[in-house]
Amino acid sequence: IPGYGDSPPVEMALTAQGRRAFLDRVLQELGMQRPVLISPSMSGRFALPFLLAHGDRLAGFVPIAPVGTKDYTAEQYQGVQTPTLILYGDRDTGLAPQALQNLQHLPKHRVAVLSGAGHACYLDKPEDFHRALLGFLRQLK
């Protein structure tokens with residue numbers, strides 16, 4: 001994510017519109033058509049604006065306790081038709097409940113909870129994470 005870790009800050013990442021455009025550019029540069037967007041934690045600031053504007057360009061969406069879910073209304077989420085797997089660890093008592101509360105308004109969602117996993121559930125329970133993810137990917141058209 002630009003501006004985090006050792007990466008330099010990116011001017012366009014300062015606004016939701018800029019972050020959406022940045023992610024759009026990345027997907028274009030990679031030549032990706034109808035990818036599944038997996039969005040853990042801080043990446044929600046990029047993925048959610050993109051989902052709400054261009055969800056029809058995604059084959060699927062996998063939010064993993066992303067930040068920023070409260071920035072959008074139930075009505076905005078209800079307009080998104082992208083198949084979604086809301087995934088989180090049951091020991092993530094901070095972001096996960098808030099994200100679930102907001103993301104459950106997405107009409108084509110299902111939920112997978114990884115038992116015994118925290119915020120980085122894919123690191124805590126990688127086999128369970130991959131099982132849930134692969135199950136979701138297999139049922140996409």
Side-chain angles (χ1 to χ4, degrees), residues 1-10 12-141:
I1 300 173
Y4 292 91
D6 292 332
S7 66
V10 174
M12 69 189 311
L14 296 177
T15 66
Q17 183 177 350
R19 291 187 297 271
R20 181 186 74 219
F22 178 84
L23 182 54
D24 187 28
R25 179 77 182 268
V26 168
L27 296 177
Q28 283 180 21
E29 289 292 322
L30 294 173
M32 302 188 90
Q33 296 178 6
R34 296 199 33 88
V36 174
L37 184 58
I38 300 175
S39 176
S41 198
M42 292 298 290
S43 69
R45 294 262 183 239
F46 290 78
L48 291 169
F50 187 88
L51 174 74
L52 270 70
H54 304 300
D56 58 325
R57 290 173 38 198
L58 298 173
F61 180 55
V62 183
I64 308 166
V67 301
T69 61
K70 67 183 184 311
D71 296 346
Y72 305 97
T73 66
E75 292 75 24
Q76 286 175 291
Y77 286 119
Q78 288 164 356
V80 175
Q81 295 299 311
T82 308
T84 300
L85 174 64
I86 300 169
L87 213 156
Y88 64 94
D90 68 354
R91 291 190 178 164
D92 182 355
T93 57
L95 264 178
Q98 179 185 87
L100 177 62
Q101 181 181 5
N102 295 308
L103 294 172
Q104 68 186 353
H105 296 290
L106 292 165
K108 294 186 175 182
H109 82 273
R110 65 189 221 204
V111 178
V113 182
L114 302 187
S115 181
H119 184 61
C121 61
Y122 42 87
L123 295 178
D124 294 341
K125 298 286 185 169
E127 290 180 11
D128 294 342
F129 170 79
H130 286 105
R131 192 174 303 113
L133 179 59
L134 291 172
F136 174 69
L137 295 176
R138 282 187 196 106
Q139 60 89 42
L140 293 176
K141 294 181 178 117

Full working for side-chain contact (heavy atoms from CB on, under 4.5 Å) between L95 and V67: CA-CA 7 Å; L95 264 178; V67 301; 3.5 Å; yes
I would like to know whether L37 and L23 meet side-chain contact (heavy atoms from CB on, under 4.5 Å); could you show each step before the answer? CA-CA 10 Å; L37 184 58; L23 182 54; 3.8 Å; yes
Would you find a donor on one side and an acceptor on the other, under 3.5 Å apart, between the side chain of D92 and the backbone of G118? no
Tell me, which pairs form a ring-ring contact (aromatic ring centres under 6.0 Å, His included) where one or both residues lie in residues 112-141, sequence neighbours left out? Y122-F129
At their closest point, which heavy atom of L140 faces which heavy atom of G60, and how far apart are they? CD1-CA, 4.3 Å
For V26 and M32: C-alpha separation, side-chain torsions, deciding distance, then whether side-chain contact (heavy atoms from CB on, under 4.5 Å) applies. CA-CA 9 Å; V26 168; M32 302 188 90; over 6 Å; no
Take I64 and C121, measure what side-chain contact (heavy atoms from CB on, under 4.5 Å) needs, and give me the verdict at the end. CA-CA 8 Å; I64 308 166; C121 61; 3.6 Å; yes
Quick one: are F61 and L85 in side-chain contact, heavy atoms under 4.5 Å? no
Contact check, side chains of P35 and L30, non-hydrogen atoms, under 4.5 Å: no
In the structure I gave you, are the side-chain heavy atoms of R110 and Q139 within less than 4.5 Å of one another anywhere? yes
State whether the side chain of R34 and the backbone N or O of D56 hold a donor-acceptor pair below 3.5 Å, judged by distance alone. yes
Looking at CG of L48 and OG of S43, how far apart are the two atoms once the value is rounded to the nearest 0.5 Å? 8.0 Å
Is N102 close to Y72 at the side-chain level, that is, under 4.5 Å between some pair of heavy atoms? no
Does L100 reach the side chain of V111, with side-chain heavy atoms less than 4.5 Å apart? yes
Does L87 reach the side chain of I38, with side-chain heavy atoms less than 4.5 Å apart? no
In this structure, are over 12 heavy atoms from other groups packed under 6.0 Å from Q28 atom CD? yes
Output the distance between atom CG (L114) and atom NZ (K125), rounded to the nearest 0.5 Å. 9.0 Å
CG-CD distance between L58 and Q33, expressed to the nearest 0.5 angstrom: 12.5 Å
Within this structure, what is the OG1-NE2 distance for the pair T82 and H54, rounded to the nearest 0.5 Å? 11.5 Å
Are any side-chain N or O atoms of Y77 and backbone N or O atoms of T69, one a donor and one an acceptor, separated by less than 3.5 Å? yes
Of all the heavy-atom pairs spanning I86 and Q104, show the shortest one and how long it is. CD1-N, 4.0 Å
Hey, is the main chain of P49 close enough, under 3.5 Å, to the side chain of R20 for a donor-acceptor pair? no
Which heavy atom of Q76 sits nearest to which heavy atom of V80, and what is that distance? O-CG2, 3.8 Å
Contacts of type salt bridge (Lys or Arg N to Asp or Glu O under 4.0 Å), residue R57, not counting sequence neighbours: D24
